[in-house]
Amino acid sequence: MAAPPLSTPYAAVVPDTRSILPRDVFTYLVPGELDEQAVLGARVEVPFGTRTVTGYVVERSAESDVEAPRELASVLDEPPLLSPQAVHLARWVADRYCAPLGEVIKAMLPAGVRNARPGGRKRGPRTTSRSVAAIDEAPQTTAPQLNDAQAAAVAPIVAAVREHRHLRLMLHGVTGSGKTEVYLAAIAAALGEGRGAIVLVPEISLTPQTVARFAGRFPGRVALVHSALTDAERAVQWRRIRDGVADVVVGSRSAVFAPLPSPGVVVVDEEDAGAYKQDRVPRYNAVDVALELGRLHDIPVVLGSATPRVETFFHAKTGAMDYAELPTRIADRPLPPIEVVDLRDELQAGNRSPLSQTLERALRECHDAGGQSILFLNRRGSATVIMCRSCGDVLTCRNCSVSMVYHQGRGRCDCHYCGATAPVPMTCPSCHSPSIRGLGMGTERLEHEVHQLFPTLRLLRMDRDTVAHRDAYYDIYETFRRHDADCLVGTQMVAKGWDLAGVRLVGIVNADTALHFPDYRSGEITFSLLTQVAGRAGRGDEPARVVLQTYSPDHYAVRRAVTHDYLGFARDEIRIRRALHFPPYSRLVVCTVSHRDDLKAEEEATRAAEKVSGILESGDGLDVLGPAPAFLHRLRGEYRWQVTVRGGAIERAFPHLPRGRGWSIDVDPAP
Ligand code: ADP
Ligand code: ZN
Ligand code: ZN
């Protein structure tokens, strides 16, 4: 007897292939005997052209969009690799970031899982990373009695966990104010309800100490997910999580896709960290994905930071998100005072050393007293802006008020949003001084100069060059923690989360490099960097100092950082964003084209800009900016030009954006 016809005989399948496809999904006919297995999220085999490829079922439907769909060949796993919520999340990511659905699914599943043959449950090798070792070695801890502010922050989270209700909570508190204890209490509540938790931490802050905090509180239940794991290790963690063996997932960006069967809470620590944005396809921001994950599962999402993104803060203040504050450090340790040194005065006094007289003296005193010091120099954007050494002014775009970027080869400056260009002036447009030139000095030269001044100082340097892999990072950290070095010279890597009682001096060698980063967020980046670096001092019982050197002591981001005034900063910044129509008052999508030939890239970008602005109507409320050279105009031998669309409903522009060879699309770009 023939089986009754299926109610949804068709499956929309995303093929897992390397080729660029004209669309995301293809329709197949599900044979009756596979009906119960070929469910949403199942990994299947389908005929594709002349081959058979793997793919993922993302929809079952009653109708087919093609005349005679081919038959689905087989179903590879049971249970399916993706839960229904994971499929929804994948579709959301693909839509929001204008990314191919197949690429999103690839990003969600570790290669060791995607490529495993059926039943493949091989044990991976034991992982060697020190963070992973911290899981087993962590001594067990118990929760402290929460203080009033912590209890007030935890209450709505616990209520939302129990009531199975979506909640977005911004947890704002300086470093050391007890945020992690709030996270731990929220996780305990989720576990108490028989559910799991996901904790996202920026890769660089995923230190053994951090991991031990979670593993010590929830022994045997923590799975660690970070970029240094091998494919096999990742697959092992993935299965532990999927099978319910580990229900507290601690990890970097991609851990937002962890296959927890039943999450109860999602935590994002340091939500302002740039590392949450993936810089390759799919270009998602894990913070926004975390919020969507919380919505899909009806659970609370907690975003913690000492320096929230002003967008997040804006949402918290306008009611789109709840807000809780931890206003003081535990044990009421004061934040260190910050002394400001105006580098324009140093220059006038004839001092060309990277250390002002104040900082040099402070370093000597600290060293003589047996203390440790950190010298911070942000290399980001160095030597790409044109600055006057006499008055501190930087060449900025008249339309966008971001720094113009100096491109050596082009011999002129460009605004990389709107494409305005200007020749490099011979004298400063503001004060007519001739000392106008590129700004920048690397950590390597700083280390050298400090060594010349203090030959007996035991120096360590930490930057991308000295930290080629994550264990090198811990080696430097451990050396410094053991006080086997006196002074640490480093980039923003040293700014993150380190809690070292021996540090009695933090010297910010040039507070301005991030300030002149050619991005509308430069003020925000500067404020949070300065706040974080300054926060490295004053964690022990000895008094500590922070010396901040700047050419722009009057800039709002510098002034507000010096007085530890986040609220004042956020007010200033939000006002500027509104005036210039930048997020949170708009969203951006940046389309970049690369070509070996600069002119060809420029032409193609021009054509795209004309096409998009021709199609969009003025009622759409979208501006097309550019074409303009990208900030990294030349990258890996290719020239890059970009077109930016800015406005409220930028999704309207998505169907018209340039695609294909050489083009990439970045929605909600990060600096
Ligand atoms: P943050 O995550 O904001 O940097 P932590 O949660 O790490 O802050 O807290 C800073 C320090 O204070 C940690 O050593 C932590 O164990 C301790 N601490 C936090 N909350 C309490 C509390 N309620 N009682 C006692 N100690 C606490
Ligand atoms: Zn000047
Ligand atoms: Zn501009």
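Both ligands and their constituent atoms are indexed starting at 1 by order of listing.
The structure places CZ of Phe218 at 5.0 Å from CD1 of Ile187, a figure rounded to the nearest 0.5 Å. Summarising the geometry, atom CZ belonging to Arg344 is positioned 12.0 Å from atom CD belonging to Glu346; distances are rounded to the nearest 0.5 Å.
Taking the six-membered ring for Trp, Tyr556 and Phe527 have ring centres at least 6.0 Å apart.
Just one of Val341, Asn510, Asp512, Val509 meets the side chain to side chain contact (heavy atoms under 4.5 Å, CB included) condition when paired with Thr550; it is Asp512. With Val250 as the fixed residue, the side chain to side chain contact (heavy atoms under 4.5 Å, CB included) test singles out one of Val225, Leu206, Leu200: Leu206.
Here the shortest heavy-atom distance to atom 17 (C) of ligand 1, taken over Leu326, Thr141, Ile330, belongs to Ile330. Of the listed options Glu270, Gln209, Arg213, Gln150, Gln150 places a heavy atom closest to atom 20 (N) of ligand 1.
Ion pairing between a basic and an acidic side chain is recognised when a charged N comes within 4.0 Å of a carboxylate O; Arg560 and Asp572 show such pairing. A salt bridge links Asp668 with Arg587: the distance from a Lys NZ or Arg NE/NH1/NH2 to an Asp or Glu carboxylate oxygen falls below 4.0 Å. For the pair Glu271 and Arg309, the salt-bridge criterion is met [side-chain N within less than 4.0 Å of a carboxylate O]. Between Glu181 and Arg213 there is a salt bridge, since a side-chain N of the basic residue sits under 4.0 Å from a carboxylate O of the acidic one.
Counting heavy atoms under 4.0 Å from ligand 1, residue Asp269 does not touch it at all. Using a 4.0 Å cut-off between heavy atoms, Ser177 contacts ligand 1 through both its backbone and its side chain.
At the Zn ion (ligand 2), the angle from SG in Cys388 to SG in Cys428 is 110° when rounded to 10°. At the Zn ion (ligand 2), the angle from SG in Cys431 to SG in Cys391 is 120° when rounded to 10°.
Every atom of ligand 1 is numbered from 1 in the order shown, and the set under 4.0 Å from a heavy atom of Val174 is 3 (O). Proximity to Asn147 (heavy-atom distance under 4.0 Å) selects the following atoms of ligand 1: 23 (N). Close contacts of ligand 1 with Gln145, meaning ligand atoms under 4.0 Å from a residue heavy atom, involve 22 (C), 23 (N), 24 (N).
In this structure, Arg329 has no heavy atom closer than 4.0 Å to ligand 1.
Taking backbone and side-chain atoms together, His432 has no N/O/S atom less than 2.8 Å away from the Zn ion (ligand 2).
Looking at Gly176 next to ligand 1, an N or O pair under 3.5 Å apart turns up. By the 3.5 Å distance cut-off applied to N or O atoms, Gly178 is counted among the residues near ligand 1.
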